[in-house]
Amino acid sequence: MSFDRSIKIAPSILSADFANFGAECEAIEAQGADWVHVDVMDGHFVPNITFGPATCAAIRPHIKTVMDVHLMIAPVDPYIEAFAKAGADIITAHVEAGPHIHRTVQAIRGAGAKAGVALNPGTPAAAVAELLDMVDLVLVMTVNPGFGGQKFIDMTAKVRALRAMIGDRPIHIEIDGGVDPTTAPLVAAAGADVLVAGSAVFRGGSVTDPAPYGANIRAIRAAAEA
Ligand code: DX5
Ligand code: ZN
């Protein structure tokens, strides 16, 4: 099968009801999510704490699509095995999280998961140039990581540069932060194919009233595909 470059919407459960992750994952998938984006924060690499591998393992049975784990932690390497065992399909680590991102990518692949590398807004595309033959995804942060609901930072020039660097390689470009129907078209036009959205997906809905999730996902997808 050829590599899927179509637009994929990946709701971030950072904006879900933390007391109800299982039901929230099922609700967003039923409403059209392509992937489920799972934000792991350690209060050290980023100024916020979410959850770890045990929570990922607990929600895994409630995800039928792709469990896309975004690690905002430092160090990364001691925890890779645990997140792989928790069932992560994709594990993404930040290039800024330590001096040995190449080793981290090797370890993620070695643990049996697909490997992603993430770039903070202040980090140039060139930081992943030597990794492109060994990764499955490059994540471009369009906010400084740590919190949902922040204002989109325009990284379209970086996305275009990455798209050119990637060429024909089977590598997804994922955008994370401030994605909504107004910003999605900018990054899609620049070459991104996976759009993470937290507040723009979960706003207005709940597990007992999930229809707004579907409307929000469709609105982002339609804007990106227009
Ligand atoms: C930020 C996280 C994002 C965040 C996006 O550090 O990595 O995934 O949840 O949230 P929104 O879409 O609300 O900007
Ligand atoms: Zn994220």
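Counting starts at 1 for both ligands and their atoms, following the listed order.
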Just jot down the ligand 1 atoms closer than 4.0 angstrom to any heavy atom of His70, in number order.
-> 7 (O)
Using a distance-only test with no angle check, is there a side-chain donor-acceptor pair under 3.5 angstrom linking Asp39 and His37?
-> yes
Counting from 1, what ligand 1 atoms have a heavy atom of Ala197 closer than 4.0 Å?
-> 12 (O)
Determine whether more than 12 heavy atoms belonging to other residues, nucleotides or ligands lie under 6.0 Å from atom CZ of Phe51.
-> yes
Salt-bridge test for Arg169 and Asp133: reply yes if a basic N is under 4.0 Å from a carboxylate O, no otherwise.
-> yes
Any chance the side chains of Asp209 and Ser206 put a donor and an acceptor closer than 3.5 Å?
-> no
Which atoms of ligand 1 are found less than 4.0 Å from any heavy atom of Met72?
-> 6 (O), 7 (O)
Is Thr142 reaching over with its side chain to a backbone N or O of Phe152, donor-acceptor style, under 3.5 angstrom?
-> no
Name the closest protein heavy atom to atom 14 (O) of ligand 1, giving the residue it belongs to and the distance to 0.1 Å.
-> Gly178 N, 2.8 Å
Report yes if some N/O of Gln150 lies less than 3.5 Å from some N/O of ligand 1; otherwise report no.
-> no
Under 3.5 Å donor-acceptor, Lys158 side chain and Thr123 backbone = yes
Indicate, as side chain, backbone, both or neither, the part of Ser199 found under 4.0 angstrom from ligand 1 when only non-hydrogen atoms are considered.
-> both
Looking at the Zn ion (ligand 2), which N/O/S atom of Asp39 is the nearest one?
-> OD1
Can you tell me if Gly177 has a non-hydrogen atom under 4.0 Å from ligand 1?
-> yes
Would one find an N or O of Val179, backbone or side chain, under 3.5 Å from an N or O of ligand 1?
-> no
Salt bridge Lys114-Asp68, side-chain N to carboxylate O under 4.0 Å = no
Considering just N/O/S atoms, say which atom of Asp176 is closest to the Zn ion (ligand 2).
-> OD2
Atom 6 (O) of ligand 1: nearest protein contact (heavy atom, Å) | Gly146 N, 2.8 Å
Determine, step by step, whether Arg60 and Asp89 satisfy the salt bridge (Lys or Arg N to Asp or Glu O under 4.0 Å) criterion, reporting the C-alpha distance in whole Å, the side-chain angles of both residues, the deciding distance to 0.1 Å, and the verdict.
-> CA-CA 10 Å; Arg60 175 72 262 191; Asp89 296 295; 2.8 Å; yes
Under a heavy-atom criterion of less than 4.0 Å, does Phe147 contact ligand 1?
-> yes
Atom of His70 nearest the Zn ion (ligand 2) (restricted to N/O/S, atom name only) = ND1
Atoms in ligand 1 flagged as close to Gly148, the criterion being non-hydrogen separation under 4.0 Å | 10 (O), 13 (O)
Counting from 1, what ligand 1 atoms have a heavy atom of Leu14 closer than 4.0 Å?
-> 4 (C), 9 (O)
Between Asp136 and Ala115, is there a donor-acceptor pair closer than 3.5 Å when you use the side chain of the first and the backbone of the second?
-> yes
The reported gap from OH in Tyr79 to CG in Asp42 (rounded to nearest 0.5 angstrom) is 8.5 Å
With atoms numbered from 1 as shown, which atoms in ligand 1 lie under 4.0 angstrom from a non-hydrogen atom of Ser12?
-> 8 (O), 9 (O)
Short N or O distance, Ser15 and ligand 1, threshold 3.5 Å exclusive | no
Show which atoms of ligand 1 fall inside a sub-4.0 Å distance from at least one heavy-atom site of Val196.
-> 8 (O)
Go through Phe202 and Ile28 one step at a time and tell me if the side-chain contact (heavy atoms from CB on, under 4.5 Å) criterion holds.
-> CA-CA 9 Å; Phe202 284 91; Ile28 53 176; 3.6 Å; yes
To which protein heavy atom is atom 12 (O) of ligand 1 closest, and what is the distance rounded to 0.1 Å?
-> Gly198 N, 2.7 Å
Report yes or no: do His172 and Glu174 form a side-chain donor-acceptor pair below 3.5 Å?
-> no
Using a strict cut-off of 4.0 Å, indicate which atoms of ligand 1 neighbour a heavy atom of Asp176.
-> 2 (C), 3 (C), 4 (C), 5 (C), 7 (O), 8 (O)
Taking distance alone, with no angle check, do Met41 and ligand 1 share an N/O pair under 3.5 Å?
-> no
Start with the C-alpha gap between Leu119 and Leu162, add the side-chain angles, then the distance that decides, and say whether side-chain contact (heavy atoms from CB on, under 4.5 Å) holds.
-> CA-CA 11 Å; Leu119 296 166; Leu162 283 166; 4.1 Å; yes
